[in-house]
2 protein chains.
Amino acid sequence: MPAKKETPPTKGEATRAMIEDAAIALFMEHGYHATSMRQIAERAELALGGIYNHFSSKEEIFEAIIVDKHPYQRVLPLILEAQGETAEDFLRSATQIAIAELKSQPYYLKLMLIEIAEFNGAHGAKMIKKVAPQILPVFEKAIKTRKELRTANPIILMRSFIGFVISYLMTEIVISNSMLKHISPKNSMEVYINIYLHGVLKSEN
Amino acid sequence: MPAKKETPPTKGEATRAMIEDAAIALFMEHGYHATSMRQIAERAELALGGIYNHFSSKEEIFEAIIVDKHPYQRVLPLILEAQGETAEDFLRSATQIAIAELKSQPYYLKLMLIEIAEFNGAHGAKMIKKVAPQILPVFEKAIKTRKELRTANPIILMRSFIGFVISYLMTEIVISNSMLKHISPKNSMEVYINIYLHGVLKSEN
DNA sequence: CCTACCGATCGGTAGG
DNA sequence: CCTACCGATCGGTAGG
């Protein structure tokens, strides 16, 4: 029997997906409060009132997006596939994969910033509750099988990993919009990843 | 003769400052688009129309704040004071100072998130143009006087430093709002800083 | 610096 | 799922 995800979407599910996709595009461009339900309706190709058959409010659309569309669903399989021999190989390819993926599909980073900027992180708990149980085991396994890691705490490793990826992407947004773009070295990403892997300091310990 | 900054503020300057402070508090709480000019006026204790004697639009208020109130003005002196013998001492105290300062005065991190989430970074260039020339020399000097650093490029060092501080603060917001708060170790910040200084890997090179 | 106002647009709903 | 509408509120301005 087919997996749940493979069942062909009903008409209602398709409309719901249209609304979510329209909302993502508009939230990315203008943020949450500057996006109107009328804009979402127009982009999703239905009348304003039609949205309310699928979501009871604008905020409900946002919340649905932030828990359903988390990129771990695409990123984790790629990371697990790459693996690599040493912890260095593994983390280098994992950071590269995550950065590349979030760079080519930047919508979720933007949604996270909107979540913090406009909602004070009100939906973060719900998102983490769904996502952390999927991600944490990857880092738990990494710690068990690789002895070369500085910390044995999977939460800290996960946090440092996600934080590093976010910091790279955010600083890149600011830099590419500024004069620093022209004086930044070409291999910034490589150097930046090396800093994450080995620290800013050359010395050991 | 007194320095420029010491001149007693005129009435107009005081009102302008009242408006900026009111706007900061409201932007922090609700973001930019969810904050109305009427709320700003009320909090600044003048009539709606009065704001337009000082700023010609709501966006002009935001832009003024983001270039004028950058925390480097408070953080840099503290960092320069701390210094420390080795590069490790220096960077450890610098990260601690920056995190402590931005944690106790979280408004600017929030403004930056709003800037990216709601304006697509439109004012970032203007901000960096003012701020980078002040900050970059600190990292240039750090590179010249400390040989133990992994990179000799001041832009990358500055970027990794600012990015690290931001990543710590942002992930902490998400964690402290979620169930992860209770299973995160107490000394997270120390471990997190060590990762920045020495990398996730124990090994040298 | 305030009062009183403008047109536009908002999120949401009733009723079919 | 749409049409037509609600009251509320928005950013901004004229005129003093």
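Every chain is numbered from 1 and lettered A, B, ... according to where its sequence line falls, protein lines coming before strand lines. Every heavy atom of this structure was used, including side-chain atoms; hydrogens, water molecules and symmetry mates were not.
- Listed nucleotides: dC10(C), dC1(D), dG11(D). Nearest to the side chain of His54(A): dC1(D).
- Around NZ of Lys130(A), the count of heavy atoms belonging to other residues, nucleotides or ligands within 6.0 Å exceeds 12.
- Atoms CZ (Arg38(B)) and P (dC2(C)) sit 14 Å apart, rounded to a whole Å.
- Under the 3.5 Å distance criterion, with hydrogens and angles disregarded, no donor-acceptor pair is assigned to the side chains of Tyr192(A) and Thr95(A).
- In this entry the distance linking CD of Glu59(A) with P of dC10(C) reads 18 Å, nearest Å.
- Here the two rings, on Tyr107(A) and Phe27(A), have centers that are 6.0 Å apart or farther.
- Atoms NE2 (His30(A)) and P (dC10(D)) sit 20 Å apart, rounded to a whole Å.
- Considering only the side chain of Asn53(B), dC1(C) comes nearest among dG12(D), dG11(C), dC1(C).
- Ser167(A) and Tyr168(B) share no donor-acceptor pair across their side chains, judged by distance under 3.5 Å alone.
- Rounding to whole angstrom units, CG of residue Leu48(A) and P of dC1(D) are separated by 14 Å.
- Here the P atom of nucleotide dG11(D) and the CZ atom of Phe55(B) are 15 Å apart, to the nearest Å.
- When the P atom of dG11(C) is taken as reference, atom CD of Gln39(A) falls 8 Å away, rounded to whole Å.
- Where Ala34(A) and Gly49(A) meet DNA chain C, the nucleotide closest to each residue was compared, and Ala34(A) sits on the side nearer the 5' end.
- Residue pairs meeting the salt bridge (Lys or Arg N to Asp or Glu O under 4.0 Å) criterion with at least one partner in residues 105-123 of chain B, sequence neighbours excluded, do not occur; the list is empty.
- Counting only heavy atoms from C-beta on, Thr15(B) has its side chain closest to dC1(C) among dC10(D), dT13(C), dC1(C).
- Of the candidate nucleotides dC2(D), dG12(D), dC10(C), dC10(C) has the atom nearest to the side chain of Ser36(A).
- Stems are defined here as 3 or more consecutive Watson-Crick or G-U wobble pairs with pairing distances under 3.5 Å; those involving DNA chain C are C:1-16 with D:1-16.
- Regarding Glu42(B), its CD atom lies at a distance of 15 Å from the C1' atom of dC10(D), rounded to whole Å.
- When heavy atoms are screened at a 4.0 angstrom cut-off, His33(B) is found touching no nucleic acid atom at all.
- Between Phe164(B) and Ile99(B), the closest side-chain pair of non-hydrogen atoms falls below 4.5 Å.
- Nucleic acid contact for Ser57(A): sugar-phosphate only, since backbone atoms but no base atoms lie under 4.0 Å from a heavy atom of the residue.
- Residue Leu46(B) places its side chain closer to dC2(C) than to any other of dG11(D), dC2(C), dC1(D).
- The six-membered or imidazole ring of Phe62(A) lies near that of Phe119(A), with a centre-to-centre distance under 6.0 Å.
- Between the CD atom of Glu60(A) and the P atom of dG12(C) there is a distance of 10 Å, given to the nearest Å.
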